[in-house]
Amino acid sequence: MKPPKNTLYLYPISAEGHRPGSNDYMVRLRDCLDRHYRVVNKGTSLGMADLLLKLPRYDRVYFNWIEDVPDRRFGYLQIPMLLTVLLACKLSRKKIVWFVHNNLSHYKTNRVAKRIVRVLMRSFADVTLSHSREIGGLQRLRNLHCFDHPVERAPLLPQPAAPDWDLLIWGTVSPYKGVDRFAAFAARQPSLQALRVLIAGRFADAGLEQRIRSQAPGGWEIRGHTVADEELRDFYARSRYVLFCYAPGSVLSSAALCHSLAHGKVVIGPHTGCFKELGELGLIYTYRSFDELPALIARLNAIEEPVSRAALERYLSANGWEHFERFLVERIG
């Protein structure tokens with residue numbers, strides 16, 4: 001039975017985005033899509049089996065972070081089920097949309113299986129979307145369209161005249177975010193040891209937290225809990241710069257980066273993915289290795305306005321969620 005027009009399966013849907021301090025990207029994405037399509041699925045623990053069961057009910061399927069399927073429960077069994085879904089969609093002319101969020105999975109497990117999933121998606125996707133053109137194997141991606149990570153507008157905060165911290169590192173502290181590598185590096189560099197650094201965010205595991213606390217220079221402050229919005233705004237107002245320590249090669253976009261920009265913060269991040277692209281626009285500053293950070297920070301300290309407020313305003317106005325919604329509808333069809 002052919003599904004009614006304008007039906008869509010959105011993968012994945014979970015309760016995570018509704019928790020305080022969590023990334024609400026998928027919640028916002030569903031809100032955008034709900035205005036134009038009937039999204040046929042809700043949160044489920046069935047994985048690919050749910051896509052198979054609901055096949056008659058949708059005419060479009062929209063995949064996010066699909067490369068992480070092998071890490072999920074019964075992950076290796078889900079790969080042939082994913083292939084079945086893709087084949088069934090092709091045979092029944094259902095549109096397959098693949099959103100590429102990362103060059104590589106953030107997690108090092110099941111690398112071979114994840115590469116297989118990416119090959120499947122490259123082969124079957126009708127439309128490929130991303131928040132960055134810094135995608136590995138760009139020439140092999142079919143019908144690729146890019147839109148910068150959408151931002152939610154907020155009042156721009158002024159640069160603090162007497163900041164409590166030189167650097168703010170915020171958000172869930174996971175291994176792929178490189179905070180432990182930066183702490184270990186800074187502990188060996190006198191110019192970085194002297195910086196006042198705040199790490200604010202829930203730690204992914206106790207071992208990582210213990211490692212960072214033991215490595216961090218004595219002047220650093222670590223608050224290992226989920227940061228509420230009001231608390232984060234206070235941290236922004238009291239910090240000179242926001243620092244991202246991601247390892248190059250995997251990350252393409254960052255919701256935390258966009259959140260920091262939306263509040264007018266001067267951002268320092270790795271020369272990769274959307275960080276590289278925004279650096280080329282003069283909206284943030286990038287580094288290729290931690291060795292460059294002391295000189296970069298000293299240079300920024302000597303600049304009255306490191307980022308043009310007018311240029312930042314133009315960028316934020318052009319990349320709101322309402323513009324991303326229009327972009328999606330035009331590409332998904």
Side-chain angles (χ1 to χ4, degrees), residues 21-23 25 101-107 131-132 134 148-152 154 157 159 163 165-186 189 192 195-204 208 212 215-216 220-224 226-227 232-233 235-236 238-297 299-300 306-307 312 315-316 319:
S22 296
N23 184 347
Y25 179 91
H101 290 276
N102 304 304
N103 267 328
L104 300 170
S105 170
H106 290 318
Y107 309 101
H131 290 312
S132 171
E134 295 290 313
D148 286 13
H149 196 296
V151 293
E152 184 175 2
L157 298 171
Q159 277 287 86
W165 302 289
D166 298 296
L167 299 175
L168 168 64
I169 301 170
W170 72 275
T172 302
V173 183
S174 302
Y176 75 87
K177 294 189 175 180
V179 181
D180 55 337
R181 293 185 302 105
F182 177 62
F185 179 84
Q189 301 293 322
L192 294 178
L195 293 177
R196 296 160 299 166
V197 177
L198 172 63
I199 300 173
R202 178 178 58 84
F203 284 82
L208 179 62
I212 291 173
Q215 293 170 334
W220 289 22
E221 187 175 347
I222 299 174
R223 304 191 185 185
T226 299
V227 181
L232 179 56
R233 282 192 291 271
F235 293 160
Y236 281 153
R238 298 163 60 194
S239 302
R240 193 184 300 275
Y241 311 120
V242 173
L243 175 68
F244 293 91
C245 312
Y246 297 119
S250 64
V251 66
L252 283 175
S253 62
S254 166
L257 164 61
C258 294
H259 192 280
S260 302
L261 277 182
H263 285 79
K265 295 306 298 178
V266 177
V267 171
I268 302 171
H271 193 71
T272 188
C274 66
F275 291 93
K276 176 184 175 184
E277 292 168 328
L278 289 173
E280 291 169 348
L281 292 174
L283 297 176
I284 71 168
Y285 290 83
T286 63
Y287 60 89
R288 288 176 170 80
S289 73
F290 291 148
D291 295 294
E292 297 180 1
L293 284 176
L296 174 57
I297 292 169
R299 179 161 58 91
L300 291 179
V307 173
L312 182 57
Y315 177 82
L316 296 174
N319 288 280

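One-based numbering along the sequence shown.
Using a 30° and 60° split on the angle between ring planes, His149 and His131 fall in the tilted class, from 30° to 60°. The aromatic rings of Tyr25 and His101 lie perpendicular to each other, with more than 60° between the two planes, well past the 30° mark.
Atom OG of Ser253 is separated from atom CG of Leu278 by 10.5 Å, given to the nearest 0.5 angstrom. For the atom pair Arg238 CZ and Arg233 CZ, the distance stands at 14.5 Å (nearest 0.5 Å). A distance of 13.5 Å separates NZ in Lys265 from CG in Leu257, rounded to the nearest 0.5 Å. The OG1 atom of Thr272 sits 14.0 Å away from the CZ atom of Phe244 when rounded to the nearest 0.5 Å. Here the NE2 atom belonging to His263 is positioned 8.5 Å from the CD atom belonging to Glu152, to the nearest 0.5 angstrom. One distance of note links CG of Asp148 with CG of Asn319; it measures 5.0 Å at 0.5 Å rounding.
Scanning all heavy atoms of the two residues, the minimum distance from Leu261 to Leu316 falls at O-CD1, 3.9 Å. When every heavy atom of Leu283 is checked against every heavy atom of Val307, the shortest pair comes out as O-CG2, 3.5 Å. The nearest pair of heavy atoms linking Asp180 to Pro175 is OD1-O, 4.3 Å. Of all heavy-atom pairs spanning Cys245 and Ile169, the tightest one is SG-CD1, 4.1 Å. Annotation for Gly201 and Val227: closest pair N-CG2, 3.9 Å, computed over non-hydrogen atoms. The two residues Val242 and Ser260 come nearest to each other via the heavy atoms CG1-OG, 3.7 Å.
Asp166 places a side-chain N or O within 3.5 Å of a backbone atom of Arg196 that can act as its donor or acceptor partner.
For the pair Val266 and Arg240, the minimum side-chain heavy-atom distance is 4.5 Å or more. Counting heavy atoms from C-beta on, the side chains of Ser132 and Lys276 never come closer than 4.5 Å. Side chains of Leu300 and Ile268 form a contact here, defined as non-hydrogen atoms less than 4.5 Å apart. Residues Ile199 and Val173 have side chains in contact (heavy-atom distance under 4.5 Å, counting atoms from C-beta outward). Contact check for Phe182 versus Leu192: side-chain heavy atoms found under the 4.5 Å cut-off. Between Ser239 and Trp170, every side-chain heavy-atom pair lies at or beyond the 4.5 Å cut-off. Side-chain contact between Gln159 and Tyr241 is present, with heavy atoms from C-beta onward closer than 4.5 Å.
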Using distance only, find each side-chain donor-acceptor pair of residues 289-296 under 3.5 Å and give its atom names and separation, not counting sequence neighbours.
| residue | atom | partner | partner atom | Å |
| --- | --- | --- | --- | --- |
| Ser289 | OG | Asp291 | N | 3.4 |
| Glu292 | OE1 | Arg288 | N | 3.0 |

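Separation of the His259 and Tyr236 ring centroids falls under the 6.0 Å cut-off.
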Could you go through Phe275 and Tyr246, starting from their C-alpha distance and side-chain angles, then the distance that decides it, and tell me whether this counts as ring pair (Phe, Tyr, Trp, His ring centres under 6.0 Å)? CA-CA 10 Å; Phe275 291 93; Tyr246 297 119; 5.7 Å; yes
Given Phe203 and Ile222, is the side chain to side chain contact (heavy atoms under 4.5 Å, CB included) satisfied, shown in steps? CA-CA 10 Å; Phe203 284 82; Ile222 299 174; 3.7 Å; yes
